[in-house]
Undergrad: 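Input: one structure, supplied below.
Here is the naming used below: chain letters follow the sequence lines, and residue numbers restart at 1 for every chain. Just the heavy atoms: all of them, side chains too, but no hydrogens, waters or symmetry mates, feed the values below.
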There are 2 protein chains.
Amino acid sequence: MTVAPRSSAGRPAFTSITPVRAYEGVVSQIEEAIFEGRLVAGDRLPSERDLMGQFGVSRGTVREALRVLESNGLTRSRPGDPGGATVLGQSSGRLTKALTTFARLGQIGAAELIEFRMVVEGSAVRLAAELHDESSLAAMEAAFEAMKVAADESSEAFSAADVSFHLAVSACSGNSLLSACSEFSRDMVLHLTSENLRDSGDPPERMQETLRRHGAYLHAIVAREGRRAEQLARQDLFDYYGGELTERERARLEILLMV
Amino acid sequence: MTVAPRSSAGRPAFTSITPVRAYEGVVSQIEEAIFEGRLVAGDRLPSERDLMGQFGVSRGTVREALRVLESNGLTRSRPGDPGGATVLGQSSGRLTKALTTFARLGQIGAAELIEFRMVVEGSAVRLAAELHDESSLAAMEAAFEAMKVAADESSEAFSAADVSFHLAVSACSGNSLLSACSEFSRDMVLHLTSENLRDSGDPPERMQETLRRHGAYLHAIVAREGRRAEQLARQDLFDYYGGELTERERARLEILLMV
DNA sequence: ACGGGATACTGGTAGGACCAGTGTGCTGGA
DNA sequence: TCCAGCACACTGGTCCTACCAGTATCCCGT
């Protein structure tokens, strides 16, 4: 048996290699061009037949590369479209997809998702409270008013308005990572708890309770009381979902209640 | 001009459609099998030539589907390997990649990443403090001791030991989403600040300072003082990176200091 | 019994072919 | 002159065949 050389940190200096495949070279070159800004949103890639010439590979290889880029949310191909694939801009779609895949593969449960959501959404609320200006404050208040109206319509409309409210708040945080993670965890939590809850829709009492709690931390946001707003947002999540969790899971969540 | 019908929430009821492509059907069927547990890590997919029979599509289509699955971290193909592609288990690799893409595409700066890291890593530290058992505590303390030793060796060894310490702590939090996000933001922050800092490596004083600060919140962890540990961890990040940020960026970060 | 080569697979790549769309530009009619 | 409408060039989507370079297995000869 041969011994791999070791670095000073004590870890093997050799890493497992994977054979370099032709399409990976195509992917990385195009990716690099996008990351470096040589290709920006709206730009068009050459056609597949052009690319096979430029890269010196077959069309199948080019297509595999384009499939990967498309699956990563970097480009989009449309049949019959002159000019080749379109370069897309930033979107939380890929991040959301990756987080969802991670959660489903790892058998992430509702409790862990709610925990994560308490952290990221709470922080987003705090930042929104401390940093909002007139226009973003107006957007949040308008979204809240829309929730009030929707509560009298249907539970679906209320749910949609609720989503809009959370979006307005997390957008106001000014941190796109936090808002993307908030968005993901909100969707995923809704999805996971839908079997138990969504069937019947939120009953009116629950909608009123949600309105009251959201209103409470919106007040804290208006008053620029960041920590209190975060506290209330976390408490809101805890109370809303706590009933469906086990005692042990609730105990974990309680750790995060105090901010 | 025709008007799209609107739902009660006031948003268009029509969503943009994309033509369903054959490979997408293959991807979704295999994905579904993996998510539902019918395929678990280590299982083998049929060979490409078998799959083209089972799905009734050409080999090129099967290969495009396999490339997408592989790029999503769900499977891996190896030439000459009987049994077809291997189904992989959960890994933070794909999530890290997606977050990295998101950050690079969105021109996410160091300040925003550090902000995100203060949130997720701080919460992970708090959970670790409140929830650790003997073995995980021992792992964290061992990692800290390794940092002390490595500080006398080289800045590379110290950096590696530092990473191991953070890994031990976030693993102890028991929330894989938080630890994956911590891991990503740590790597990304290191990457972004490397041009300025890594060139010369951390000077010994800075290593000692890091040791002192990490030691401080490790003490809080040992004492199960979750909030204080989180506070110290956030402060640690703020102090370590604050010097490289603008006044405006520091002001944002200060919002998150108090927990 | 055992070593080594033939064999039957695997994925990686190339190249050709056809189809259904989409724009564009040209042509013919008003 | 202007415009409607058709032909054409080109796109991506899909299929097919073929070949190569690996790997694992099995069987045969020693």
Undergrad: Might you list the N or O atoms of the protein lying below 3.5 Å from N or O atoms in nucleotides 9-13 of chain C, with each pair's distance?
TA:
{"unit_1": "C:dT10", "atom_1": "OP1", "unit_2": "B:S47", "atom_2": "OG", "d": "2.9"}
{"unit_1": "C:dT10", "atom_1": "O2", "unit_2": "B:G80", "atom_2": "N", "d": "3.2"}
{"unit_1": "C:dG11", "atom_1": "OP2", "unit_2": "B:E48", "atom_2": "N", "d": "3.0"}
{"unit_1": "C:dG11", "atom_1": "N7", "unit_2": "B:R49", "atom_2": "NH1", "d": "2.9"}
{"unit_1": "C:dG11", "atom_1": "N7", "unit_2": "B:R59", "atom_2": "NH2", "d": "3.4"}
{"unit_1": "C:dG11", "atom_1": "O6", "unit_2": "B:R49", "atom_2": "NH2", "d": "3.2"}
{"unit_1": "C:dG12", "atom_1": "OP1", "unit_2": "A:R21", "atom_2": "NH1", "d": "2.6"}
{"unit_1": "C:dG12", "atom_1": "OP2", "unit_2": "B:R63", "atom_2": "NH1", "d": "3.0"}
{"unit_1": "C:dG12", "atom_1": "OP2", "unit_2": "B:R67", "atom_2": "NH1", "d": "3.4"}
{"unit_1": "C:dG12", "atom_1": "OP2", "unit_2": "B:R67", "atom_2": "NH2", "d": "3.4"}
{"unit_1": "C:dG12", "atom_1": "N7", "unit_2": "B:R59", "atom_2": "NH2", "d": "2.8"}
{"unit_1": "C:dG12", "atom_1": "O6", "unit_2": "B:R59", "atom_2": "NH1", "d": "3.1"}
{"unit_1": "C:dT13", "atom_1": "OP1", "unit_2": "A:A22", "atom_2": "N", "d": "2.5"}

Undergrad: By side-chain hydrogen bond (donor to acceptor under 3.5 Å, both in side chains), which residues pair with B:R104, not counting sequence neighbours?
TA: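 side-chain hydrogen bond (donor to acceptor under 3.5 Å, both in side chains) check on B:R104 returns nothing, list empty.
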Undergrad: Any pair with a residue in residues 25-34 of chain A that passes side-chain hydrogen bond (donor to acceptor under 3.5 Å, both in side chains), sequence neighbours left out, goes on the list, sorted by first then second residue, please.
TA: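 Output for this query is empty, none listed.
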Undergrad: Who are the side-chain hydrogen bond (donor to acceptor under 3.5 Å, both in side chains) partners of B:S47, not counting sequence neighbours?
TA: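 Result, side-chain hydrogen bond (donor to acceptor under 3.5 Å, both in side chains) vs B:S47: none returned.
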Undergrad: Applying salt bridge (charged side-chain N to carboxylate O under 4.0 Å, His left out) as the test, list every pair that has at least one member in residues 55-72 of chain A; sequence neighbours left out.
TA: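 Passing the test, one end in residues 55-72 of chain A: A:E48-A:R59, A:E48-A:R63, A:R63-B:E64, A:E64-B:R63, A:E64-B:R67, A:R67-A:E70, A:R67-B:E64, A:E70-B:R21.
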Undergrad: Go through the structure and list residues passing side-chain hydrogen bond (donor to acceptor under 3.5 Å, both in side chains) with B:R44, not counting sequence neighbours.
TA: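 Once residues adjacent in sequence are excluded, the partners of B:R44 under the side-chain hydrogen bond (donor to acceptor under 3.5 Å, both in side chains) criterion are B:D81, B:T86.
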Undergrad: Which stems, defined as runs of 3 or more consecutive Watson-Crick or G-U wobble pairs with both pairing distances under 3.5 Å, involve DNA chain D?
TA: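 Consecutive-pair runs (3 or more) involving DNA chain D: C:1-30 with D:1-30.
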Undergrad: Once salt bridge (charged side-chain N to carboxylate O under 4.0 Å, His left out) is applied, what residue pairs with a partner in residues 134-146 of chain A remain, sequence neighbours excluded?
TA: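 Passing the test, one end in residues 134-146 of chain A: A:E145-A:K148.
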Undergrad: Could you pull out all residues at least two apart from B:S176 that satisfy side-chain hydrogen bond (donor to acceptor under 3.5 Å, both in side chains)?
TA: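 Only A:E112 meet the side-chain hydrogen bond (donor to acceptor under 3.5 Å, both in side chains) criterion with B:S176.
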Undergrad: Which pairs, with at least one residue in residues 174-189 of chain A and sequence neighbours excluded, count as a salt bridge (charged side-chain N to carboxylate O under 4.0 Å, His left out)?
TA: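 Sorted result for residues 174-189 of chain A: A:E121-A:R186.
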Undergrad: Anything under 4.0 Å to a heavy atom of chain A counts; send over the first and last such nucleotide of DNA chain D, read 5' to 3'.
TA: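 Listing 5' to 3', DNA chain D meets chain A from D:dT11 to D:dT14.
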Undergrad: What is the distance from atom CG of A:L99 to atom CZ of A:F116, rounded to the nearest 0.5 Å?
TA: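 Result: 6.5 Å between the selected atoms.
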Undergrad: Quick one: which residue pairs count as a ring-ring contact (aromatic ring centres under 6.0 Å, His included) with a foot in residues 153-179 of chain A, not counting sequence neighbours?
TA: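 Those involving residues 153-179 of chain A are A:F144-A:F165, A:F165-A:H214, A:H166-A:H214.
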